[in-house]
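Accompanying notes for the structure given below.
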Amino acid sequence: MLEISSLNPSQRQAVRTHQGPLLVLAGAGTGKTRVITYRMADLISTGVEATRILSVTFTNKAAREMLERTTHLLGRSLKKRPVISTFHSWCVGILRQEIEALGYPKQFVIYDRGDQESAARKALQVLKMTDTALKPGDLLAQISRWKMQGLPPDVAQEVADSDQEQLAGMAYRRYQLSLKASGAVDFDDLLFLTWQLFKNHPEALARQQERFDFVQIDEYQDTNELQFRLVESIVRRHHNLCVVGDDDQSIYGWRGAEVKHILGFQQSYPAAKIVRLEDNYRCTAPIIQLANQLVSHNRGRHEKTLIAHKEGPGATFREYPDEQAEAEGVVRDISYLIHQLNVKPCDIAILFRTNEQPRIFEHELRRKQIHYRLVGGQSFFDRKEIKDLQAYLKVLVNPKDDLSLLRIINVPPRGIGDATCERLLARAVKEKRRFWDVIPDAAQAGEITTKALNNLRQFEQQLAGVREKFKNPSVKLSENFTHLVEAIGYSREIERTYKNTEQQEMRNLILGEFTNAIAQYENQAKSPSLTEYLDEISLGGSDFAAPERPDENAITLMTLHSAKGLEFSRVYLVGLEEGILPHKRSVDEEFEKPSSIEEERRLCYVGITRAKDHLTITRPQSRIKWGKKRETKPSRFLKEMITAIESRMVVEGGHPTSAARPPLRSGGTTSQPGGNR
DNA sequence: CTGATTGACGTTTTT
DNA sequence: CGTCAATCAG
């Protein structure tokens, strides 16, 4: 018998034994994920075969943790494992089996954001639309929106109403064709193509329907249209679907997530049973009060009020003259906690809205020699070296991937210049053929020099040789990778390019880290393959990507979005000002789309409810932007919480380094009086 | 083909 | 104030 302390007996009964659709509507810190984990363990211990259960989590990290906890609950005797993955990983698994039915090559690669952007740019170029108002970024956003609605290019073109959308429709068509020809799928395609597969190939859908008797979904409030349909398809047979979520924590509306799926669960599944969890075991009472008060300003939500079960200190609010002082103040505070109060650094987090905010905090932390880890910031994969070698790997796996090929065809320089590439590319586009295939014709037509031709041939052979090596299953991936790096002379290139030894060492270090990452993946994976490794890193995350050393001595810096589902003893929520939180973009569209402010409010709510014991909210009174200093307005969310803050104001005074400021009074200490809008 | 210089420009979040 | 792309001189 597994106990879940946060459930009363009838709730526990429902969660454990209910068959058919079940909605667990649970506030922050009420043990949502635990419900799913326990239910899964319960199902298995009552005789359901583990492999018949599919659990969908929001991140790969969450999936791994859930698997660990499940096996732990069951006493590690699991021979067969349940399937626990994100929507995207689950779809990759299906597509790796079935994608040929859609006319894609089996060895497809997944394009990351950078690749997508190049592909979008190329599509616009080919259509000679580079001078139109449609920029690659906008195009990608539009394509994404269409895909999330399940619309293929031809249908999208039909429904496009504005001129802008007409153009985007044409570019979408082009973009999709070129990806397909390259044997590449973008991120949205993972869901989109799986949906297409289910729709057009009933036998493939049937195979997936047969696989699972129970389906569970965590963070259901962030489900988008396509995910909703995929789920609906897969459980059609039995409706054994358990979803868990909190409409107040829906923060991915911009990515197509629709709260209506969780709000309307009962309409979709009339037999649904609903369990409500409102007992919060994470945060102290004052923090809960703050959260409740804030989120009560939102309309269109399931009415619920979190009940706190823990007394303790509460929220602190601090204002600083500018963002520099804010960073100094927060870091000084943290330093005091760590060095004087022996607080474990890993219990501390700084949360912020945008990715440019942490810079200044990082600087201060380094100055004070406090270890930190910055979550999210794609830094590792943005390194040129990583991108280059990743492109090599992609080309090795999928020879059709011209985009990646073009990235590395002359890296390191091997005498295949821009001119040669451009001519070949022009011909390839014109004749709708692959880059490699047009070489003989181009040579014959005298479009490329004999020297370039020789270099191309040589490179082709080199690639073929390396590809052959990678096919040998008895040789380790990491060894082959080292081989590749040597074969192309990448280290020599680093030495040549960077004169100073410091730079050289750093770049080589990155290279080494990449090798380590591959080795680490190899050790963990059941049947390691280059394809799977590339999938893993494209799907963002997993530890194989950037070997993240778990560091007890590091505090955490991350965006509010990345913080979802996590908790920390002490949280610093910084930059509470109009334009940041709520973000300017949402403020601007407030008029025509009030829901955008509500999402910002939920974001703030998520931030607050990450704090278990201490919450510190801060705001700079001014901020330097584009060279000039500007006064900031306190966030409207502060005013909405103000009575709660005032009654619980705690200034952590006493320590000599504290730069505590007087509490915020109505109207604040800035000269901005209330009536702003 | 590299490395330095200039100019434009910037408005969010990520599986 | 930074970043990044385009541009140019060597």
Side-chain angles (χ1 to χ4, degrees), chain A residues 56-63 85-92 110-114 116-117 121 135-137 140-141 144 147-148 186-192 218-219 222-224 226-227 249-257 322-324 351-360 363 375-378 381-382 384 410-419 493 496-500 503 535-542 545 558-565 575 578-589 596-597 599-600 602-604 606-607 623-630:
Chain A
V56 179
T57 54
F58 195 72
T59 63
N60 284 307
K61 188 169 158 249
S85 69
T86 61
F87 272 112
H88 293 264
S89 306
W90 174 55
C91 288
V92 171
I110 302 168
Y111 273 2
D112 63 25
R113 247 205 108 70
Q116 282 179 45
E117 213 153 287
R121 191 163 286 134
K135 282 179 284 171
L140 282 176
S144 179
K147 284 187 179 171
M148 282 310 118
D186 70 17
F187 227 86
D188 299 318
D189 278 339
L190 295 174
L191 302 175
F192 178 67
D218 199 2
E219 307 283 12
D222 288 318
T223 304
N224 67 33
L226 228 35
Q227 290 165 334
Q249 291 187 67
S250 166
I251 54 175
Y252 283 94
W254 51 275
R255 216 169 64 182
D322 53 43
E323 79 271 32
Q324 179 65 40
L351 306 183
F352 36 82
R353 172 69 231 266
T354 70
N355 275 319
E356 52 145 38
Q357 283 172 274
R359 291 196 95 85
I360 187 160
H363 188 79
V375 178
Q378 280 245 317
F381 286 100
D382 283 346
K384 183 180 173 299
N410 204 29
V411 179
R414 48 174 73 86
I416 306 173
D418 288 346
E493 171 64 8
R496 205 177 58 82
T497 319
Y498 304 100
K499 294 277 146 51
N500 80 55
Q503 279 261 327
D535 284 352
E536 293 271 3
I537 52 182
S538 309
L539 290 178
S542 86
M558 64 180 149
T559 64
L560 290 165
H561 283 88
S562 323
K564 180 164 80 160
E578 287 289 298
I580 301 265
L581 186 65
H583 194 269
K584 185 162 191 315
R585 198 144 173 158
S586 308
V587 174
D588 286 347
E589 57 184 33
S596 55
I597 290 289
E599 183 153 315
E600 297 285 317
R602 290 192 291 267
L603 208 42
C604 188
V606 167
R623 185 180 289 276
I624 293 171
K625 204 177 183 189
W626 302 340
K628 53 182 186 282
K629 190 169 174 167
R630 310 184 58 127

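Computed from heavy atoms alone, side chains included, the values below leave out hydrogens, waters and symmetry copies. Letters A, B, ... mirror the listed sequences (proteins, then strands); counts begin at 1.
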Under 4.0 Å, counting only non-hydrogen atoms across every strand here, what does A:Asn410 touch: a base, just sugar-phosphate, or nothing?
sugar-phosphate
Under 4.0 Å between a side-chain N or O of A:Thr559 and OP1 or OP2 of B:dT12?
no
Below 4.5 Å, heavy atoms only, C-beta onward: do A:Asn224 and A:Arg255 meet side chain to side chain?
no
Indicate, with a heavy-atom threshold strictly under 4.0 Å, whether A:Asp222 touches base, sugar-phosphate, or nothing.
nothing
Would you compute the distance between atom CD of A:Glu117 and atom NZ of A:Lys135 and round it to the nearest 0.5 angstrom?
11.5 Å
Classify the nucleic acid contact of A:Ser562 as base, sugar-phosphate or nothing, counting any heavy atom under 4.0 Å across all strands shown.
sugar-phosphate
Whether the side chain of A:Glu599 engages the backbone of A:Gly253 through a donor-acceptor N/O pair (distance < 3.5 Å, no angle test) should be reported.
yes
Do we count A:Tyr252 as stacking onto B:dT14 if the rule is ring centres under 5.5 Å and planes under 30°?
no
If the cut-off is 4.0 Å, is A:Thr354 near the phosphate of B:dT11, judged by side-chain N/O to OP1 or OP2?
no
Could a donor-acceptor pair under 3.5 angstrom be found where the side chain of A:Arg353 meets the base of B:dT13?
yes
Decide yes or no on side chain to side chain contact (heavy atoms under 4.5 Å, CB included) for A:Asn60 and A:His88, but give the supporting numbers first.
CA-CA 9 Å; A:Asn60 284 307; A:His88 293 264; over 6 Å; no
N or O in side chain of A:Arg359 less than 4.0 angstrom from C:dT3 OP1/OP2:
yes
Could you tell me how far apart A:Glu599 (CD) and B:dT13 (C1') are, to the nearest whole angstrom?
9 Å
Checking all strands, does A:Phe87 fall into the base, sugar-phosphate, or nothing category for heavy-atom contacts under 4.0 angstrom?
nothing
B:dT13 OP1/OP2 closer than 4.0 Å to side-chain N/O of A:Asn355:
yes
